[in-house]
Number of protein chains: 4
Amino acid sequence: MSVNKVILVGNLGKDPELRYTPTGTAVCNFSIATTERFKDRDGQQQTKTEWHNIVVWRQLAEICGKYLHKGKQVYIEGKIQTRSYEDRDGNKRYITEIVADEMRMLGGRNDEGYQRPAAPAQPQQPQAQSSAQQQPASGGFQEPGYNTDDDIPF
Amino acid sequence: MSVNKVILVGNLGKDPELRYTPTGTAVCNFSIATTERFKDRDGQQQTKTEWHNIVVWRQLAEICGKYLHKGKQVYIEGKIQTRSYEDRDGNKRYITEIVADEMRMLGGRNDEGYQRPAAPAQPQQPQAQSSAQQQPASGGFQEPGYNTDDDIPF
Amino acid sequence: MSVNKVILVGNLGKDPELRYTPTGTAVCNFSIATTERFKDRDGQQQTKTEWHNIVVWRQLAEICGKYLHKGKQVYIEGKIQTRSYEDRDGNKRYITEIVADEMRMLGGRNDEGYQRPAAPAQPQQPQAQSSAQQQPASGGFQEPGYNTDDDIPF
Amino acid sequence: MSVNKVILVGNLGKDPELRYTPTGTAVCNFSIATTERFKDRDGQQQTKTEWHNIVVWRQLAEICGKYLHKGKQVYIEGKIQTRSYEDRDGNKRYITEIVADEMRMLGGRNDEGYQRPAAPAQPQQPQAQSSAQQQPASGGFQEPGYNTDDDIPF
DNA sequence: TTTT
DNA sequence: TTTT
């Protein structure tokens with residue numbers, strides 16, 4: 001009966017890396033920066049940047065690998081996870097990551113991240129597939145559609 | 001590319017109501033109170049209670065109907081939704097509800113909500129089905145199990 | 001001992017309205033849309049838009065009134081509040097609003113919302129006031145600056 | 001224009017440690033466990049426990065040091081922060097912590113964590129200081145009290 | 001190190 | 001009333 005939830009809005013420091021496990025599961029890694037503004041004791045404006053390692057699995061990994069890029073602003077929702085591993089000297093090390101289960105691309109089509117090179121091979125953020133119609137505020141009680149979330153990026 | 005998320009921790013004002021749509025879908029309704037403490041202009045401690053209408057669908061509805069009761073403290077995660085309906089005079093009215101997709105029972109087994117009557121017919125909060133073993137911090141990279149979430153209450 | 005928290009990312013439907021109470025307190029009202037995508041029973045992509053009434057007080061109200069505009073994408077954090085009022089027929093009505101205590105403008109400077117007229121008098125989203133220096137990951141224990149939050153918009 | 005937010009509900013593994021910096025600022029450290037349930041490939045129920053290092057500053061540190069204890073269930077809201085330090089071998093190490101700015105004690109007065117010894121010297125979770133009156137849903141527009149948050153634990 |  |  002516990003809760004482990006992280007909500008981040010930040011920008012990717014590099015392009016994401018999409019890989020596959022031996023069993024073929026997609027996993028995408030990238031890091032995003034969040035920057036905090038505060039005043040130091042002298043009343044000077046300062047900023048402090050925090051870098052977050054993001055891990056995404058399965059279908060969302062494919063979407064992240066395909067549509068995200070360096071500089072892109074994203075909303076991430078996930079959980080904190082600390083893994084241990086052995087470094088080259090055989091010492092146990094720990095790394096804390098955010099395992100994301102929700103991702104939303106922020107900013108519009110005119111806002112693809114300021115550091116983005118004008119590379120022609122770069123994927124375009126696609127038009128959202130035309131939504132049949134704006135669903136009106138329905139009269140009264142309504143059973144919601146069951147969002148399987150399993151085949152559309154956005 | 002938007003986010004609509006609500007996180008509440010509060011206590012049920014009454015026992016939940018579990019119903020079924022004509023097509024057999026379970027839906028559970030209950031309300032929870034959140035109380036805020038603040039000081040008024042005179043420096044007097046005041047409290048202000050907000051009531052939230054919660055709607056839960058499908059399997060989580062069954063769980064809520066079965067295990068929640070008046071006074072129980074819960075964590076709720078969901079989204080805000082405003083529906084319209086017609087009142088008895090034919091006027092359009094709006095009601096804002098929280099459609100929950102996560103629920104956690106809070107407090108332990110000694111803490112079933114202070115207003116709870118010692119009714120013998122009341123369901124007991126069951127022991128969590130013994131977890132086979134405490135999973136150790138695994139060495140390195142690990143593909144997570146896929147939580148289908150579809151048959152265990154907690 | 002309760003929690004009442006809302007997190008929204010959406011776009012303003014109109015320019016915000018900034019007003020002042022008789023005692024001179026700033027209050028800003030605007031609404032933002034969040035749009036959900038789902039599939040109906042026929043497997044058709046549908047969208048459903050939810051409108052949220054946002055209320056902001058004091059200094060953050062001034063910032064919202066000054067820098068937000070129709071179409072702008074924002075992150076909002078706040079609490080749910082339902083107020084009652086009497087309609088013109090003397091009937092008690094309820095309205096649910098989000099009282100915001102955090103706001104972040106999303107998208108970059110090239111992304112001011114596409115319907116924005118190129119009005120010269122319109123305020124520009126200012127350059128973030130140059131942050132003196134990128135604070136390095138400091139060595140060890142560090143007492144944070146106390147962010148009073150009271151005089152800088154971003 | 002970023003967001004770095006963590007929301008946790010879990011139980012303290014040990015009593016909190018309250019200390020003071022050389023300049024007299026209170027800082028409280030404790031760790032909380034969150035446990036996730038999932039099924040492995042064999043359909044076996046498993047659990048995985050994550051430990052989170054919590055850091056709290058100033059007045060909230062004093063409250064945590066005074067009222068929290070081993071086993072207590074808490075709601076924590078804060079931000080992720082990674083600090084670096086040198087280990088005894090002069091190697092740079094990183095530790096990720098949650099810097100909390102909100103804490104709510106969960107469970108009622110009958111739910112102090114089941115391993116708690118009946119030590120008479122242990123602080124009691126105080127009765128919430130009687131709230132003068134339940135503030136009614138006020139008629140219409142209302143300016144909120146300004147919650148300075150600076151002298152009351154709950 | 002907690003809790004279920 | 002926005003945005004995609």
Side-chain angles (χ1 to χ4, degrees), chain A residues 1-4 67 104-111 125-132 134 137 152-154, chain B residues 1-4 67 104-111 125-132 134 137 152-154, chain C residues 8-17 29-37 45-54 68-74 106-107 111-116, chain D residues 8-17 29-37 45-54 68-74 106-107 111-116:
Chain A
M1 293 309 170
S2 52
V3 175
N4 175 357
Y67 295 110
R104 300 282 187 288
M105 290 182 260
L106 302 177
R109 257 162 296 127
N110 306 315
D111 184 66
Q125 183 174 334
Q127 203 20 311
Q129 298 89 328
S130 73
S131 56
Q134 192 82 359
I152 31 119
F154 24 72
Chain B
M1 292 308 170
S2 52
V3 175
N4 175 356
Y67 296 110
R104 301 280 187 289
M105 290 182 259
L106 301 178
R109 254 161 297 125
N110 306 315
D111 184 66
Q125 184 174 334
Q127 197 31 301
Q129 299 89 328
S130 75
S131 56
Q134 192 82 1
I152 33 116
F154 23 74
Chain C
L8 301 172
V9 172
N11 300 81
L12 274 80
K14 295 184 188 172
D15 286 341
E17 293 179 2
N29 292 271
F30 54 94
S31 62
I32 68 174
T34 59
T35 301
E36 191 187 3
R37 304 175 86 259
Q45 264 300 331
Q46 301 284 353
T47 63
K48 187 178 175 191
T49 293
E50 200 69 32
W51 285 97
H52 309 269
N53 297 309
I54 313 294
L68 299 186
H69 57 79
K70 177 177 176 173
K72 183 69 183 163
Q73 189 182 38
V74 290
L106 301 178
D111 185 65
E112 290 289 277
Y114 75 116
Q115 288 194 349
R116 188 172 180 202
Chain D
L8 302 171
V9 172
N11 299 82
L12 275 79
K14 297 184 186 170
D15 286 342
E17 293 179 2
N29 290 272
F30 55 94
S31 62
I32 68 174
T34 58
T35 301
E36 191 187 2
R37 305 176 84 259
Q45 263 300 330
Q46 301 283 354
T47 63
K48 187 179 175 191
T49 294
E50 201 67 34
W51 286 97
H52 309 269
N53 297 310
I54 313 293
L68 299 186
H69 57 80
K70 178 178 175 172
K72 184 68 183 164
Q73 188 182 39
V74 290
L106 301 179
D111 185 64
E112 289 291 275
Y114 77 118
Q115 287 194 349
R116 185 168 182 209

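Chain A is the first sequence line, chain B the second, and so forth, proteins listed ahead of strands; every chain is numbered from 1.
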Q.
Output the rounded distance in Å from CG (Asp15(D)) to C1' (dT2(E)).
A. 12 Å

Q) Without hydrogens or angle criteria, can the side chains of Thr49(D) and Thr35(D) be said to hold a donor-acceptor pair below 3.5 Å? A) yes

Q | Rounded distance in Å - CE (Met1(A)) to P (dT3(E)) | A | 15 Å

Q: Nearest whole angstrom, please: distance from the P of dT2(F) to the CD of Gln73(C).
A: 15 Å

Q) Could one point to a donor on the side chain of Ser2(B) or the base of dT3(F) with an acceptor on the other under 3.5 Å away? A) no

Q.
Can you say whether a donor on the side chain of Thr49(C) sits under 3.5 Å from an acceptor on the base of dT2(F), or the other way round?
A. yes

**Q.** His69(C) NE2 - dT1(F) P separation (whole Å)
**A.** 19 Å

**Q.** Rounded distance in Å - CG (Asn4(A)) to P (dT4(E))
**A.** 18 Å

**Q.** Selection from dT1(E), dT2(F), dT3(E) that lies nearest to any side-chain heavy atom of Asn11(D)
**A.** dT3(E)

Q.
Rounded to whole Å, how long is the line connecting atom NZ of Lys48(C) with atom P of dT3(F)?
A. 21 Å

Q: Identify the two heavy atoms, one from Gly13(D) and one from Lys70(D), that lie closest to each other, and give their separation to 0.1 Å.
A: O-CG, 3.5 Å

Q) Quick one: do the Thr34(D) and His52(D) side chains pair a donor with an acceptor below 3.5 Å? A) yes

Q: Could you check how far CD of Glu50(D) sits from P of dT4(E), rounded to whole Å?
A: 19 Å

Q) Below 3.5 Å, does any donor atom in the side chain of Thr35(C) face an acceptor in the base of dT4(F), or the other way round? A) no

Q) What nucleic acid atoms does Ile32(D) come within less than 4.0 Å of, heavy atoms only: base, sugar-phosphate, or nothing? A) nothing

Q. Which atom pair, heavy atoms only, marks the closest approach of Val3(B) to Arg104(A)?
A. CG2-CG, 4.0 Å

Q: Round to a whole Å and report the spacing from NZ of Lys14(C) to C1' of dT2(F).
A: 11 Å

